[in-house]
Trainee: 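Input: one structure, supplied below.
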Amino acid sequence: MTGARAAAPSPWKAIVGGSIGNMIEWYDWFVYSTFSVYFASAFFPDGDTTSQLLHTAGIFAVGFFMRPVGGWLLGRLGDRKGRKAALTVTVLMMSLSALLIAVAPTHSQVGYWGAVVLLLARLLQGLSVGGEYAASATYLAEAAPAGRRGFFASFQMVSMKIGQLIGLSLQILLQQNMSEQTLTSWGWRIPFVVGAVGSAVVFWLRRNLVETDAFEEAVAEEAETKSGNERGTLRGLWEYRRTVALVVGFSMGGTLCDYTYSTYMTKYLHNTAGLSTTDASLVSFVAILVFICLQPLAGGLSDRIGRRPLLIGFGLGAMIFTVPLMSALGHVSTFGSALLLMIAGLVIITGYTSMSALVKAELFPARVRALGVALPYALANALFGGTAEYVALWFKDAGMESGFYWYVTACAAVSLVVYLTMRETKDVSFTRGERAPGKPAEVTA
């Protein structure tokens, strides 16, 4: 039993409490990619720019392969000990990993041992983010009021992108005040120091979060029925194996498109289109700012018309427009044209990003919700999202960059099939107080 609990906070307090740590987590996660153009040569000095970026993108992708492990360990923790416990542990791990990157020695100092430190830090980040996504998604979904869950849960993506925006803002600030040589020499360490300090502050803030009613009910029901304690176990999740497979297919196209447009795009605009690093960063900054504003609007719309229409719209849009958009972005020469095209891509993926985490939470019962969200999503991210940059750069290095565009299109088409065949989830209730006659208590496997 979890014991006596404090009075439930207002939805906005819960949303802020759950989101602020998510913001720092994803700041630390994305800042690796945004600053890799500066530190790639510090750890991998041999080869051309594309080769160096390929090495750092490989380490970026390796971090994703720890996400299923983190999803399993921290998803289990979230279902057994509470959402608050998982949220607190994830941000502590992220603080440590950011600190490791900030102090990592370079190739000139210790040879490739510096790259080993970088790799270890990314593995630790992978563990942390693998649990953070599910812990924050579950907490925000369960803390949101019935009927407005899409709107409130969309702030998970808002906080993620604000974290990314802070990283881009810091990059632009440093670019304006430091020379290219200084940034490449040591200036790239600054954002990781900021991330380590920010994570430590959020660790303290998250200690004051209040547990959700849905988790408390799951614990109470288990005690009342004297059922086996399968909360957060793989055996308990096995009952929902079809739903696990659905989440993997649900996520593959969305997460790949998200990382393509929001993470890889700065590098793509610089390395392929030929924009300066400053212009590429400014394009991403403004486009992601617009993207952030779209999330609550789309999340609120999903509360009215359902989740599936927006998901289907994303699937169709990504399948039809990825190739022409990416082709055009690869040949832009002005700030304005790059910005408009990037925003067009982000508008399309908003149909997925605004409530994808929520839909995953709505697909599982409370006793395995954190694990059910974490593990299949982490698998999809490891296979598709985390490898996006590496695959894109591999195609470019092989002289057939357009092959990546078709790869993204194919993954979006697979996810579209899932959206067309899955059931609507917006009326699923999380607690006894939400349930009404004729309203489903859970979405079953």
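Residue numbers run from 1 in the order of the sequence given.
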Trainee: Going from CE on M355 to CD on Q295, what distance comes out if it is rounded to the nearest 0.5 angstrom?
Mentor: 9.5 Å

Trainee: Test the R80-F215 pair against the cation-pi criterion, namely NZ or CZ under 6.0 angstrom from the six-membered ring centroid and within 45° of the ring axis.
Mentor: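 So R80 doesn't make the cation-pi contact.
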
Trainee: Relative to the ring of Y352, is the ring of F250 parallel (under 30°), tilted (30 to 60°) or perpendicular (over 60°)?
Mentor: tilted

Trainee: Hey, are the side chains of Y261 and L329 touching, using non-hydrogen atoms and a 4.5 Å cut-off?
Mentor: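 They are in side-chain contact.
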
Trainee: Tell me, with the steps shown, if L358 and F152 meet side chain to side chain contact (heavy atoms under 4.5 Å, CB included).
Mentor: CA-CA 10 Å; L358 171 62; F152 280 97; over 6 Å; no

Trainee: Between A121 and L100, what is the shortest heavy-atom contact and its length?
Mentor: CB-CB, 3.8 Å

Trainee: Between Q125 and S97, what is the shortest heavy-atom contact and its length?
Mentor: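 Heavy-atom minimum between the residues: CG-OG, 2.8 Å.
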
Trainee: Using distance alone, with no hydrogens and no angle criterion, decide if S136 and Q156 have a side-chain donor and acceptor under 3.5 Å apart.
Mentor: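 Result is yes, a qualifying pair exists.
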
Trainee: Verify whether one side chain among S251 and N381 offers a donor that lies under 3.5 Å from an acceptor in the other.
Mentor: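 Their side chains do not contain a donor-acceptor pair, so the 3.5 Å distance test is not met.
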
Trainee: Provide the closest heavy-atom pair for C411 versus M252 in the form atom of the first, atom of the second, distance.
Mentor: SG-CE, 3.8 Å

Trainee: Backbone N or O of L92 within a donor-acceptor pair of the S95 side chain at under 3.5 Å?
Mentor: no

Trainee: With a 4.5 Å cut-off on side-chain heavy atoms, are F35 and Q171 touching?
Mentor: yes

Trainee: Report the C-alpha separation of R149 and L140 in whole Å, then their side-chain angles, then the decisive distance to 0.1 Å, and conclude whether the side chain to side chain contact (heavy atoms under 4.5 Å, CB included) test is met.
Mentor: CA-CA 8 Å; R149 197 177 287 142; L140 292 174; over 6 Å; no

Trainee: Looking at G249, is its backbone amide N or carbonyl O close enough to the side chain of S415 to form a donor-acceptor pair, meaning the two atoms are under 3.5 Å apart?
Mentor: yes

Trainee: Is R369 reaching over with its side chain to a backbone N or O of D79, donor-acceptor style, under 3.5 angstrom?
Mentor: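 A pair under 3.5 Å: no.
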
Trainee: Is the shortest side-chain heavy-atom distance between F384 and V391 below 4.5 Å?
Mentor: no

Trainee: Between Y419 (side chain only) and L310 (backbone N and O only), is there a donor and an acceptor less than 3.5 Å apart?
Mentor: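 Looks like no, no N/O pair under 3.5 Å.
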
Trainee: Working to the nearest 0.5 Å, report the span between CD of Q175 and OG of S281.
Mentor: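 Between atom CD of Q175 and atom OG of S281 there are 4.0 Å.
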
Trainee: If you measure only the distance, is there a donor-acceptor pair under 3.5 Å linking the side chains of T263 and E389?
Mentor: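 No, E389 and T263 have no side-chain donor paired with an acceptor closer than 3.5 Å.
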
Trainee: Restricting to non-hydrogen atoms, name the atom on L74 and the atom on S128 that form the minimum distance, rounded to 0.1 Å.
Mentor: CD1-O, 4.1 Å

Trainee: Decide yes or no for L371 and F364: does some side-chain heavy atom of the first lie under 4.5 Å from some side-chain heavy atom of the second?
Mentor: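 Result no, sub-4.5 Å side-chain heavy-atom pair not found.
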
Trainee: How many angstroms lie between atom OG1 of T353 and atom CG of D258, to the nearest 0.5 angstrom?
Mentor: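 If we round to the nearest 0.5 Å, T353:OG1 and D258:CG are 6.0 Å apart.
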
Trainee: Compare all side-chain heavy atoms of E142 with those of E217 and state whether any distance is below 4.5 angstrom.
Mentor: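 Heavy-atom side-chain distance check fails, nothing below 4.5 Å.
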
Trainee: Okay, side chain of E424, backbone of R308: is any donor-acceptor separation there less than 3.5 Å?
Mentor: yes

Trainee: Please give me the minimum heavy-atom distance between V417 and T421, naming the atom from each residue.
Mentor: O-OG1, 2.9 Å

Trainee: Ring-plane angle category for F192 and W188, please: parallel below 30°, perpendicular beyond 60°, tilted otherwise.
Mentor: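 Ring orientation, 0 to 90° scale: perpendicular.
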
Trainee: Can you classify the ring geometry of Y268 versus Y264 as parallel (below 30°), tilted (30 to 60°) or perpendicular (above 60°)?
Mentor: tilted

Trainee: Heavy atoms, side chains only, cut-off 4.5 Å: are L297 and F151 in contact?
Mentor: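 Result no, sub-4.5 Å side-chain heavy-atom pair not found.
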
Trainee: Which pair of heavy atoms, one from V368 and one from T233, lies closest together, and at what distance?
Mentor: CG1-O, 4.5 Å

Trainee: Got a second to check how far L165's CG is from S159's OG, nearest 0.5 Å?
Mentor: 12.5 Å

Trainee: Are K426 and S302 close enough that a side-chain donor and a side-chain acceptor fall under 3.5 Å?
Mentor: no

Trainee: In terms of side-chain heavy atoms, does T425 have a donor or acceptor partner in E362 at a distance below 3.5 Å?
Mentor: yes

Trainee: Taking atom CG of L77 and atom CZ of R83, what is their separation to the nearest 0.5 Å?
Mentor: 10.5 Å

Trainee: With the side chain counted from C-beta on, respond yes when S262 and Q164 share a heavy-atom pair under 4.5 Å apart, and no when they do not.
Mentor: yes

Trainee: Would you check, one step at a time, whether the test side chain to side chain contact (heavy atoms under 4.5 Å, CB included) holds for M94 with E132?
Mentor: CA-CA 10 Å; M94 187 61 80; E132 169 64 26; over 6 Å; no

Trainee: May I ask you to decide whether D303 forms a salt bridge with R307, counting only side-chain N to carboxylate O separations under 4.0 Å?
Mentor: yes

Trainee: Is E239 paired with R367 through a side-chain N to carboxylate O contact shorter than 4.0 Å?
Mentor: yes

Trainee: Walk me through it: do L346 and L294 pass the test side chain to side chain contact (heavy atoms under 4.5 Å, CB included)?
Mentor: CA-CA 9 Å; L346 291 173; L294 292 174; 5.7 Å; no

Trainee: Hydrogens and angles aside, do T266 and S284 bring a side-chain donor and acceptor to less than 3.5 Å of each other?
Mentor: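 T266 vs S284: donor-acceptor pair found between side chains.
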
Trainee: Does the side chain of Y27 come within less than 4.5 Å of S199's, by heavy atoms?
Mentor: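 Side chain of S199 against side chain of Y27, heavy atoms only: no contact under 4.5 Å found.
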
Trainee: How long is the span from the CZ atom in F314 to the CD1 atom in I349, to the nearest 0.5 Å?
Mentor: 7.0 Å

